[in-house]
Amino acid sequence: MKTQLFFLIPALFFAGVLYYFMLWNVYISITNYSILHPRPQLVGLETFASLFSDPDFVSALARTLLWVVVLVAAGNLIAILVASAIYNIESLRARNAATAFFIYPLAVSLAASGIIWRWLFDPDRGIDAALGAKILWLQGDNAFWSAALVSVWVYAGLGVLFYLAMFYNVDRSQIESAYIDGAGTLSVMLRVVLPQSRQALIIATVFYTLFALQMFDLPYTMLFLNPFVSTLVIYTFFKFATLYFATASATAVVILALSAAIVIPYSMFGFRKWLRI
Amino acid sequence: MKARVVVSYLIIIAMGAVWAIPLYAMVVGSLKNLSEVMTSSVLSPPTAIDPSNLASAAGRLAVPLLNTAIVVIPVALAAAFVGAMGAYALMRLAGSIRDGLITGIAVATYLPYQVALVPLVDFMKTLGLYNTLPGLALAFSIFYIPFATLMMFIFMTALPRQVVEAAEIDGASDFTLFRSVVLPLMGPGYVSTAIFLTIQGWNNLFIPLVLTRGYGKHVMLTLFSFTGQTGNVYNQMYAAALIASLPPLLVFVALGRYFIRGLLALGTGGKA
């Protein structure tokens with residue numbers, strides 16, 4: 001028992017530091033800590049009140065939530081499409097190679113991806129030139145959709161992996177008998193395989209939501225502090241960099257609350273149930 | 001070939017081509033010379049191969065690459081080990097205490113680390129570790145050790161329980177059990193966790209951005225610094241992106257199945 005406690009101390013210590021940071025952050029958010037007030041005083045919810053009356057914050061919040069919707073919807077759709085295609089290939093080696101290939105953007109840094117894509121979206125020398133079109137990917141509001149598209153490119157592979165893992169668990173004999181009954185591939189996927197893979201939908205949605213809520217590196221390296229791609233984390237970072245610490249912390253509390261709404265139920269119920277512990 | 005196999009291949013080839021474009025553009029772009037980048041599309045292959053961008057980017061990235069390696073790799077290896085210890089202890093605990101601890105660690109792991117921004121920087125300044133490599137290493141440890149504990153615990157739940165129980169009946173101590181029974185079985189899980197954390201730490205821009213000044217202490221900062229300077233020429237930026245991405249990409253190519261197993265563990269448990 002004592003040895004076990006000793007084994008557990010480092011992990012608990014560092015997890016404790018993380019919780020301490022979160023509480024400390026909540027505390028800063030109810031003070032007026034900034035370059036103007038280097039000695040913080042408690043001001044209650046004043047910082048939050050001014051936060052929600054700042055149109056830059058409100059638009060960053062709305063944009064982040066829209067990003068969640070786009071990444072969850074497009075990420076799941078593409079993941080289902082690609083995973084279904086991979087699932088229906090007969091060669092195991094081809095399946096594994098294709099799966100690994102769609103994962104590779106996750107091994108490339110978001111900073112490198114941002115840099116690559118900002119040139120692919122260049123109006124004169126990017127994919128516009130190849131398409132012979134003038135889409136102006138990074139102009140105004142287009143920038144948000146382009147950056148969101150890039151995030152789908154980055155993360156869709158993770159969903160492919162989750163869906164495939166669930167597809168492989170589906171009982172083969174059910175699929176065989178559906179084929180014998182004369183069902184086509186599409187209806188087998190839609191009626192037999194996908195309904196038994198709801199867990200992948202939940203997990204991918206949880207992860208995509210979290211990735212969208214913490215979106216920073218990608219828009220920041222693509223377009224720096226461009227208002228059209230400003231997210232909550234970019235807003236936090238900007239307030240921090242300009243020494244408005246309480247405002248930065250209050251924004252972090254908003255991100256924390258949004259994430260906790262996903263993470264806490266996931267950790268308490270879904271995740272533990274699937275581990276069967 | 002059956003129709004569904006043909007259609008499947010067509011979907012994979014079409015989507016795969018889109019997925020490959022950035023990698024392709026980065027490689028060919030990094031090899032173009034100055035006059036070519038001013039006029040040619042990022043998608044057109046170079047007419048002449050010019051390795052000088054790669055050489056100059058490698059020169060500027062050499063020290064940051066080294067700084068990143070000496071921070072990220074030891075932290076990843078150590079965090080995975082500490083995580084294995086914690087996971088073993090959690091495995092041996094029972095009941096609601098364990099369930100509570102695991103939920104607590106999972107919540108800490110999955111919440112976005114960016115929300116700790118202001119306290120993290122204050123903390124490092126108080127310790128005198130702001131703008132230092134040990135400070136970066138400590139910050140990565142704070143985030144990665146709970147993460148590694150969770151990941152190793154997931155892998156451990158997939159171990160056959162009888163092995164541990166049999167050794168326990170033999171009267172082995174926790175140290176012996178951990179060293180001679182659990183650790184050898186946890187090899188693949190350890191590799192997965194260490195690789196996952198290495199790639200995460202290598203590719204992290206946010207933590208070095210807020211914890212250091214200048215652009216030299218982490219490779220992602222140096223890569224980011226290229227975007228501000230080279231203005232209208234993408235060959236330099238692509239060369240820097242290629243060199244900065246090469247270590248994680250090579251790890252992914254060589255040990256990708258461990259990385260993938262790590263991702264799967266986080267999402268679906270360790271049994272896949």
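So you know, we letter chains A, B, ... as the sequences are listed, proteins then strands, and number each from 1.
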If you measure only the distance, is there a donor-acceptor pair under 3.5 Å linking the side chains of A/Thr251 and A/Lys239?
no
For A/Arg95, the salt bridge (Lys or Arg N to Asp or Glu O under 4.0 Å) test, sequence neighbours excluded, returns none
When the 4.5 angstrom heavy-atom criterion is applied to B/Val121 and chain A, the contacting part is side chain
Interatomic distance, CZ@B/Arg4 vs OG1@A/Thr185, rounded to 0.5 Å, equals 5.0 Å
Cut-off 4.5 Å, heavy atoms of chain A, and the answer for B/Tyr110 is both
Inset, instruction - Take atom OH of A/Tyr168 as the centre, draw a 6.0 Å sphere, and report whether it contains more than 12 heavy atoms from other residues, nucleotides or ligands. - result: yes
From the list B/Ile199, B/Val107, B/Leu10, B/Leu150, the residue making the most non-hydrogen contacts under 4.5 Å with chain A is B/Val107
Under 4.5 Å to a heavy atom of chain A? For B/Phe123 that would be both
Of B/Gly104, B/Ala87, B/Ala241, B/Pro248, the largest count of non-hydrogen pairs under 4.5 angstrom with chain A goes to B/Gly104
Q. Just checking, any donor-acceptor pair under 3.5 angstrom between side chains of B/Ser44 and B/Ser41?
A. no
Honestly, the part of A/Ile262 sitting under 4.5 Å from a heavy atom of chain B is neither
Counting heavy-atom pairs under 4.5 Å with chain A, the top scorer among B/Ala148, B/Ser141, B/Gly256, B/Gly83 is B/Ser141
**Asked** Just checking, any donor-acceptor pair under 3.5 angstrom between side chains of B/Tyr238 and B/Lys32?
**Response** no
Counting heavy-atom pairs under 4.5 angstrom with chain B, the leader among A/Tyr27, A/Tyr33, A/Tyr87 is A/Tyr33
Answer key: most heavy-atom pairs under 4.5 Å with chain A among B/Thr149, B/Leu223, B/Val82 is B/Leu223
Okay, A/Leu256 and chain B: the region with an atom under 4.5 Å from a heavy atom over there is both
Among B/Leu249, B/Val118, B/Leu242, the residue with the most heavy-atom pairs under 4.5 Å to chain A is B/Val118
Those residues of residues 19-27 of chain B that come under 4.5 Å of chain A on a heavy-atom basis, listed by number, are B/Trp19, B/Ala20, B/Ile21, B/Pro22, B/Leu23, B/Ala25, B/Met26
Honestly, the part of A/Leu232 sitting under 4.5 Å from a heavy atom of chain B is neither
Bottom line for B/Ile145: the part with an atom under 4.5 Å from chain A's heavy atoms is side chain
Okay, A/Leu158 and chain B: the region with an atom under 4.5 Å from a heavy atom over there is side chain
Honestly, the part of B/Thr39 sitting under 4.5 Å from a heavy atom of chain A is backbone
Cut-off 4.5 Å, heavy atoms of chain B, and the answer for A/Leu210 is side chain
(message) Check whether B/His218 reaches the backbone of B/Gly201 with its side chain - one donor and one acceptor, N or O, closer than 3.5 Å.
(response) yes
Applying a strict 4.5 Å limit to non-hydrogen atoms, the region of B/Tyr88 in contact with chain A is side chain
Quick note, side-chain hydrogen bond (donor to acceptor under 3.5 Å, both in side chains) partners involving residues 107-117 of chain A, not counting sequence neighbours, are none
Ranking A/Ala11, A/Gly184, A/Ala130 by heavy-atom pairs under 4.5 Å to chain B gives rank one to A/Ala11
Most contact-rich option vs chain B, by heavy-atom pairs under 4.5 angstrom, among A/Leu186, A/Leu120, A/Ile78, A/Ile127, is A/Leu120
When the 4.5 angstrom heavy-atom criterion is applied to A/Phe207 and chain B, the contacting part is side chain
Apply the test side chain to side chain contact (heavy atoms under 4.5 Å, CB included) to residues A/Met189 and A/Phe167: give CA-CA distance (whole Å), side-chain angles for both, the deciding distance (0.1 Å), then the verdict. CA-CA 9 Å; A/Met189 290 309 293; A/Phe167 290 178; 3.8 Å; yes
Next on the checklist: Does B/Tyr258, at its OH atom, have more than 12 non-hydrogen atoms belonging to other residues, nucleotides or ligands within less than 6.0 Å?
Outcome noted: yes
One option among A/Phe211, A/Phe245, A/Phe162 has the most heavy-atom pairs under 4.5 Å with chain B, and it is A/Phe162
When you measure from the side chain of B/Asn203 to the backbone N and O of A/Ala107, does any donor-acceptor pair fall under 3.5 Å?
yes
Bottom line for B/Ser173: the part with an atom under 4.5 Å from chain A's heavy atoms is neither
query = Cut-off 3.5 Å, side chains only: do B/Asn204 and B/Tyr113 have a donor facing an acceptor?
reply = yes
Q.
Checking the side chain of A/Arg118 only, and the main-chain atoms of A/Thr221 only, is there a donor and an acceptor separated by less than 3.5 Å?
A. yes
One option among A/Leu161, A/Ile255, A/Val17 has the most heavy-atom pairs under 4.5 Å with chain B, and it is A/Leu161
Okay, A/Pro10 and chain B: the region with an atom under 4.5 Å from a heavy atom over there is both
With chain B, the option among A/Leu18, A/Val254, A/Thr99 that has the most non-hydrogen atom pairs under 4.5 Å is A/Leu18
In terms of heavy-atom pairs under 4.5 Å with chain A, the winner among B/Ile11, B/Ile105, B/Leu111, B/Leu43 is B/Leu111
**Request:** For the residue pair B/Phe175 and A/Phe7, categorise the inter-ring angle as parallel (less than 30°), tilted (30 to 60°) or perpendicular (more than 60°).
**Result:** perpendicular
>> Is it the case that over 12 heavy atoms from other parts of the model lie below 6.0 angstrom from the CD1 atom of B/Ile97?
In response: no
Side-chain donor/acceptor of B/Thr68 to backbone N/O of B/Trp202, under 3.5 Å:
no
Turns out that what part of A/Ala94 lies under 4.5 Å from chain B's heavy atoms comes down to side chain
So, A/Tyr104 versus A/Phe101, ring centres under 6.0 angstrom or not? yes
*Between A/Ser267 (side chain) and A/Val263 (backbone), is there a donor-acceptor pair under 3.5 Å?*
yes
Residues at least two apart in sequence or cross-chain that pass ring-ring contact (aromatic ring centres under 6.0 Å, His included) with A/Tyr220, listed by chain then number, are A/Phe216, A/Phe224, A/Phe237, B/Phe224
